[in-house]
Structures are given as structure tokens and as C-alpha cells.
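Below you'll find the structure, written out as C-alpha cells, and then a few comments.
Here is how names work: the chains are called A, B, and so on, in the same order as the sequence lines, proteins then strands, and each is numbered from 1.
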Amino acid sequence: MSEETKPLNFIEHIIEEDLANGLPKEKLRFRFPPEPNGYLHIGHTKAIGISFGLGEKYNAPVNLRFDDTNPAKEEQEYVDAIKRDITWLGYQWENELYSSDYFQKLYDWAAQMIKDGKAYVDSQSSEAIREQKGTPREVGTNSPFRNRTIEENLDLFQGMKDGKFEAGEHVLRAKIDMEDPNMLMRDPLMYRVMYAHHHRTGDDWCIYPMYDWTHGESDYIEQISHSLCSLEFKPHRKLYNWFREHVYDYAKEELPMPPKQREFARLNLSYTIMSKRKLLRLVEEGKVTGWNDPRMPTISGLRRRGYTPNSIRQFIDKVGVAKRENVIDVSLLEFCVREDLNKSANRVMAVLEPLKVVITNYPEGKEEWLEAENNPEDDNAGSRKVPFSREIYIEKEDFKEEAGNKFFRLKLGGEVRLKNAYIIQANNVVKDSDGNITEVHCTYSTDTEKRVKGTLHWVSVPHAIKAEVREYDRLFIDESPDSHKDKDFMAFVNPNSLKIRTGYLEPSLAEAKVGEQFQFQRLGYFNVDNDSKSGALVFNKTVGLRDSWAKQKPKNQNDVVTERSRSAKQPQQKRKAISVIQQFGKKYTNLPEEKQQKVKAEIQSLAKDVPYEDLEALFGTAVKKAGTRIAVMIALKEQLKNGLQRNENIDAFITKAKDDKNELLVDEANGI
RNA sequence: UGGCCCAUGGUGUAACUGGCUAACACAUCGGUUUUUGGUACCGAAGAGUCUAGGUUCGAAACCUAGUGGGCCAACCA
């Protein structure tokens with residue numbers, strides 16, 4: 001019921017308004033209309049979330065309708081994949097429908113349009129038709145076939161359907177206006193001849209209807225109340241309405257609801273691309289292993305990577321719906337999975353970059369099975385046993401011979417807690433001939449009540465099981481890879497987006513099943529990849545834990561991620577004096593008087609650091625921003641006092657200020 | 001020498017449709033708790049709402065002009 005307090009997005013406002021204007025709630029009906037020509041990606045999830053979300057909110061049916069009017073590109077495989085993905089996301093459609101189900105009805109209506117003089121058969125080449133269309137800036141010209149008789153049109157259209165013509169010989173066009181500023185209205189094509197096998201209608205048809213004609217009328221046939229799509233279809237709305245109005249005349253008795261199309265901005269995610277065609281290139285050129293590669297922004301890729309349906313739905317919810325172009329930061333998506341997995345994923349221990357620790361005062365051959373909590377966030381998660389022995393692995397980066405006191409992990413002479421086990425102290429190290437540390441010798445203490453700052457994860461060497469662990473980095477090194485006009489997006493592919501290593505895992509993981517998700521303690525969330533075979537597990541890193549330590553430590557040269565995120569985080573840094581003055585100015589008029597005096601003094605001292613040009617740039621500040629003008633005036637006065645020469649601009653600024661409504665400003669101006 | 005759409009902290013969305021100090025989330029920074037440098041909790045910084053005019057007692061919202069960005073010329077959807 002928290003929805004009641006949640007503000008509505010613009011589409012919900014429209015629906016509420018329609019409801020308020022008398023649209024019965026039972027008439028609400030939505031649809032998600034994919035073309036089965038590729039896999040769904042995270043961008044589609046927004047459209048899915050909007051329409052299905054509305055269905056849930058208003059308890060209205062939502063159809064899944066495949067817009068399958070181009071047999072050259074569409075396949076059953078994609079239909080199956082789309083259904084699988086939507087179901088996985090947890091949505092239920094009312095009816096599974098296909099535009100191809102309406103081919104006969106659309107044909108009949110088209111014939112009716114011909115009879116009404118609203119459509120005609122054109123017999124020109126596609127090039128000729130394109131030329132006559134004009135450009136966005138120049139109007140088009142009429143086809144020489146535009147004024148064929150109704151009989152001739154009917155006859156030709158029938159012939160098209162009957163397979164009497166070659167592909168490309170004739171098309172059916174709506175007769176609208178070749179001079180309309182909206183190019184879609186310049187006699188758009190309704191049908192083309194196409195001898196292709198359709199995944200559902202087989203070879204029944206050799207003419208296929210175009211998108212604009214089919215899509216809108218499919219909505220109408222299904223009595224969709226609100227037909228929601230992305231922004232690039234905005235210009236289509238005029239045509240959508242034109243077709244709808246004509247067909248409405250033919251069918252208003254059986255089909256009383258004329259649907260309305262509304263458009264929202266599609267989702268863009270930073271560091272990735274959202275175009276089926278471009279994603280296909282990644283697949284074809286071998287940059288990824290397939291549509292479901294865990295680095296892909298496809299739903300199947302995200303699923304394999306370990307993203308949960310709930311996390312994706314949360315993400316879509318948080319992203320919101322509006323009409324402006326946007327690029328969502330991937331960190332929001334990552335936040336959503338962490339939030340979800342934090343509650344559900346059992347904690348286990350795994351070491352990915354092992355360093356051997358020998359506990360010298362622990363008896364050789366001894367082992368203990370210690371109790372470990374599965375999930376502190378879930379009281380019902382229970383516990384398991386983990387084996388402890390004389391030799392364990394810890395993470396290489398958890399040990400340093402020497403380190404400052406901000407390093408909470410293990411160092412020589414220092415103590416650290418082993419998660420679920422004892423406290424150890426590092427005494428000395430063993431090195432190889434190159435000086436690399438190969439072992440750390442420690443002693444342990446059973447006093448686990450002791451307060452120590454750091455806690456490490458670890459795995460018993462003799463009990464550890466090995467597994468392949470795949471870690472992923474973003475697929476592109478550029479925040480917006482396909483927005484560069486001069487560079488192909490492929491130039492930004494991150495060569496290091498996959499890192500494979502061998503992990504050492506606690507033995508309880510031997511039973512892990514494909515798809516199962518875990519938190520590798522202190523590292524991140526991982527799931528079992530479907531490449532796993534019995535005895536040869538493969539894990540995907542879904543996302544790392546938040547790591548406030550990584551932010552502090554100096555950057556590590558081979559860590560692409562931290563380097564990049566570092567450089568990406570530059571906006572909030574040292575501020576110029578002038579911007580601080582502006583800042584003060586904004587608040588100035590709202591401050592109590594004694595605070596004003598303080599701020600004034602601050603501005604005066606800052607004025608010394610401001611180049612005059614910066615100040616002058618603010619002389620044109622809008623009249624209503626009195627505070628800013630006051631601050632500028634104070635700074636200016638200070639500079640004049642320090643020898644700045646008056647000039648025309650300064651005089652004009654002061655003169656104008658003296659006439660201002662704001663008394664504070666007038667006072668300052670007069671004080672000069 | 002076109003038409004349409006858009007413009008609010010670094011990012012994404014709000015603002016009861018013209019009315020309190022412009023709100024929320026992510027990101028950032030700081031603190032408390034903690035057997036995960038996680039989680040949780042508390043706090044901070046960051047926006048006079050693209051610019052300039054106008055309407056109004058009052059504008060992020062309405063009007064005008066400008067600036068910037070996006071979309072539109074497939075027998076694709």
C-alpha cells in the first residue's frame with residue numbers, strides 16, 4: 001500500500017485523468033508488442049515493466065502480442081526466448097497473441113479503405129517512391145498512380161494477394177498527403193508483396209502489412225486502452241490516429257474503444273549498448289560467447305550473470321518514467337542486485353588469490369568443524385559446519401609484512417580474526433628465491449572474545465575444493481559507446497571484460513547447483529554457471545560487495561575498474577572562488593542579519609582570489625536572482641577598493657542595481 | 001530552409017497541476033554499530049529548476065523569444 005504515497009508518472013497521470021473523465025476502469029487494457037527478431041534486453045525491461053506494471057496496478061489485462069509482420073527476420077526461436085524472459089521476470093500475460101492472427105481482418109479493412117478512396121496501389125520502384133517522398137525539409141510529390149480508379153485498385157490488390165505479381169511490383173499505400181510536414185503521412189505503405197515463409201502463417205500470404213497499419217489496428221482489435229511505446233514512435237502517432245479513425249468507422253459497433261498511443265523515453269545504461277543489431281555484432285564477431293553471455297545486457301545474459309527478477313524489477317521501478325533522454329548509471333542496477341541478494345544469498349567462504357597460512361601451534365593432522373552462520377540477514381537460513389586445520393588459505397591482499405594502522409588486515413606481529421574461527425597472529429614469512437611471500441606462519445589463540453579490528457575469510461587447504469571463477473568487468477570502456485559520431489562502438493570494447501581464475505572454496509560448495517547464488521564473504525555475490533559439470537564447478541561473479549576500503553587505497557595498476565571509476569568520479573572537487581561567492585549569494589537574502597554579515601566578510605575575503613573577468617561575467621545575472629547580484633556587488637566593491645579601475649560595464653551594473661526592488665542590493669550599490 | 005519532442009544537484013525521477021526552506025533514490029563524503037572495510041542506522045555536501053524577457057501578490061510549472069539536445073527521408077519494427 002506504499003503505492004498510495006508514491007507520486008505518479010506522466011502515464012499514470014494520463015490514465016487517472018481518463019478514469020476521472022469517465023473511462024470505466026474495466027476497460028483498461030495494455031499490451032507488450034515485441035517483434036520476435038532477437039533477444040530481449042534490459043531496455044525492453046522498462047517497456048515490459050511499464051505495461052505489465054500498469055496491469056498489476058489497475059488489475060487490468062496485459063496482452064503479449066508479437067508484431068510479426070516481417071517474416072524475413074522473425075523466428076520461432078525468438079518467440080520462445082521472449083516468452084521465457086518475460087515469465088522469468090515474473091509477469092503474466094492475459095493472452096498470447098500475434099499480429100499475424102489479424103491478417104485477414106486487416107486485409108478486409110484495407111479493401112474497404114480502397115473502396116472509400118483512402119488507399120491505392122502504387123506500381124513504382126521503391127527508389128521512385130522514396131524520391132517522391134521528399135525529405136523532412138522538402139515536401140513530396142504525388143505518385144502517377146495515385147488516382148487509379150477504385151475498381152482498378154481493388155483488382156490489383158486482389159492480384160497482389162493472389163500471388164499474381166512479383167515482389168516489389170506493386171504496393172498498397174494509404175492516400176493521405178504528400179505535403180504533410182510529417183513524412184509518415186506522405187502516403188505511407190500499407191502492404192508489400194513478399195514471398196517468404198512466415199513462422200505462423202506459413203505460405204498462406206504473399207502480401208504482408210507494414211508496421212504502422214498493423215500495429216495500431218492490432219491494438220484496436222484487442223481493444224487496448226493505452227498503447228505505450230518509446231519516444232521514437234512519437235511521429236507515428238499522427239498516422240496511428242489517422243488509420244484508427246478510418247477503421248473506427250467500419251467497426252465501432254463491435255470495437256468501441258479507440259486506443260491511444262503515448263510515448264516514453266527508452267532506457268539507456270551507461271557503459272553498454274541497447275541495440276539488437278549492435279548486440280548481434282558482438283555475438284557474431286566473437287566478442288562475447290552468445291546472446292546470454294553474462295556480460296551482455298540481455299535479460300538472458302543478466303539471468304546467467306546472477307541478476308534476480310526482483311532486482312531488475314526494483315531497478316525499473318527506481319528508474320522512473322518520463323519523456324527526456326536519459327542515461328542510467330549502472331551503479332543503480334548493481335545497488336538493486338546487492339540489495340536483493342543481501343537478503344537471500346547464503347554466505348560462504350572462498351579464496352580467489354590464495355596465500356598459504358601455517359598455524360604453527362595447531363597440531364598437525366587435526367581438524368575441527370566449526371559452526372558458521374549461513375545468512376545474518378535471514379534468521380531461517382540456519383548454519384553449516386566449516387573445516388579448520390593447520391594450513392589455510394587467505395586472500396593474498398589480506399596480508400602485508402608492514403602496513404599502517406588503517407590496514408585492518410593481517411601484518412607481521414598483528415592479530416586478525418578468522419571468520420567463524422580463531423584469532424591468529426602473524427609471526428614470520430617464508431619467501432621464494434624471488435622474494436615473493438609463499439607462506440605466512442602464524443599462531444592462533446582460542447580467545448575469540450578478544451576485540452580485533454579485522455576479520456578475514458579463509459579456507460582450509462586440505463579441505464578446499466577448486467572451481468573456475470569468472471569475474472566480469474564492463475563490456476565497454478566508454479560510458480556511452482554508441483554515441484560517438486566519429487567512432488564505431490566496437491572501438492570501445494573492453495579487452496579485459498573477462499578474468500578467469502581458480503578459486504579455493506569451502507567444501508560445502510561441492511553440492512552447489514546450477515543457478516544457485518552465494519555471497520563469497522567479503523568478495524561479492526556469485527552464482528553457479530551452467531557451464532558447470534559435476535566436480536568442475538564454474539562460478540560467475542554477479543557483482544562485488546561495496547568496498548569502502550578499495551576507495552581509500554592507492555590505485556592498483558592492473559585493476560581497470562578502480563582506475564576508471566576513479567577518473568569518472570571527478571565532478572565534486574576544488575571549487576573556484578567565484579563559484580563559492582555565487583553559492584553564498586544564492587542564500588544571502590534568506591539569511592538572518594548577523595549571518596549575513598559573516599557571509600559578507602567571507603565574500604570580501606574571497607574577492608581577492610577572483611579574476612575580474614569572472615566577476616564581470618555575472619553582471620548579466622537575472623534581475624530576480626538578487627542574492628547573486630548582491631554577492632557580486634560586494635566582491636566588486638572589494639576589488640574597486642583594491643585598485644580595480646571602473647569601466648562602463650561596472651558603472652552600468654551599479655546603476656542598474658540602484659534601481660532594484662531589493663533594498664539590500666540598493667544599499668550595497670549605493671555604498672560604492 | 002520544415003515538423004515534432006525534451007531541458008530540475010554528478011545521475012535518474014518528484015513537487016498535491018500557480019503557493020511553506022525544491023523532495024526521493026543512486027553516487028559522493030563523514031560518523032555509530034558489526035566476527036564481512038558488507039548490511040543496518042545517523043549525518044553532510046551538492047539545484048534558485050538552460051538563458052532572457054513577460055503574466056501574477058506569488059512561476060520549476062503559464063506565455064514569447066533564444067540556446068542546447070533528441071527524433072523524422074527502410075517495400076524494418
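Counting only heavy atoms from C-beta on, A:L332 has its side chain closest to B:C26 among B:C26, B:U39, B:A77.
Among the atoms of the strands shown, base atoms are found under 4.0 Å from some heavy atom of A:R347. Residue A:E325 is in sugar-phosphate contact alone, with no base atom involved, counting any heavy-atom pair closer than 4.0 Å across all strands shown. Looking at heavy-atom distances under 4.0 Å, A:K406 makes contact with a base. Residue-level contact check: A:E131 touches neither bases nor backbone, having no heavy atom under 4.0 Å from any strand. Residue A:N37 is classed as having no contact, given no heavy-atom separation below 4.0 Å to the nucleic acid. Nucleic acid contact for A:K419: base, since at least one base atom lies under 4.0 Å from a heavy atom of the residue. Counting any heavy atom pair closer than 4.0 Å across all strands shown, A:E371 reaches no nucleic acid atom. If you check every strand for non-hydrogen atoms under 4.0 Å, A:S270 touches nothing. Among the atoms of the strands shown, base atoms are found under 4.0 Å from some heavy atom of A:H13. Contact annotation for A:Q521: base contact, defined as any heavy-atom pair under 4.0 Å involving a base atom.
Here the shortest heavy-atom pairing between A:L228 and A:S51 reads CD1-OG, 4.0 Å. Nearest heavy-atom pair across A:E325 and A:L231 is OE2-CD2, 4.0 Å.
Between A:R277 and A:D482, no side-chain nitrogen of the basic residue sits less than 4.0 Å from a carboxylate oxygen of the acidic one, so the salt-bridge criterion is not met.
As a whole-Å value, the separation of A:I328 CD1 from B:C24 P is 19 Å. At whole-Å resolution of the value, CZ in A:R451 and P in B:G37 are 14 Å apart.
For A:R347 and A:H457, the side-chain atoms include no donor-acceptor pair closer than 3.5 Å.
By the rule that a glycosidic angle within 90° of 0 means syn, B:U17 counts as syn.
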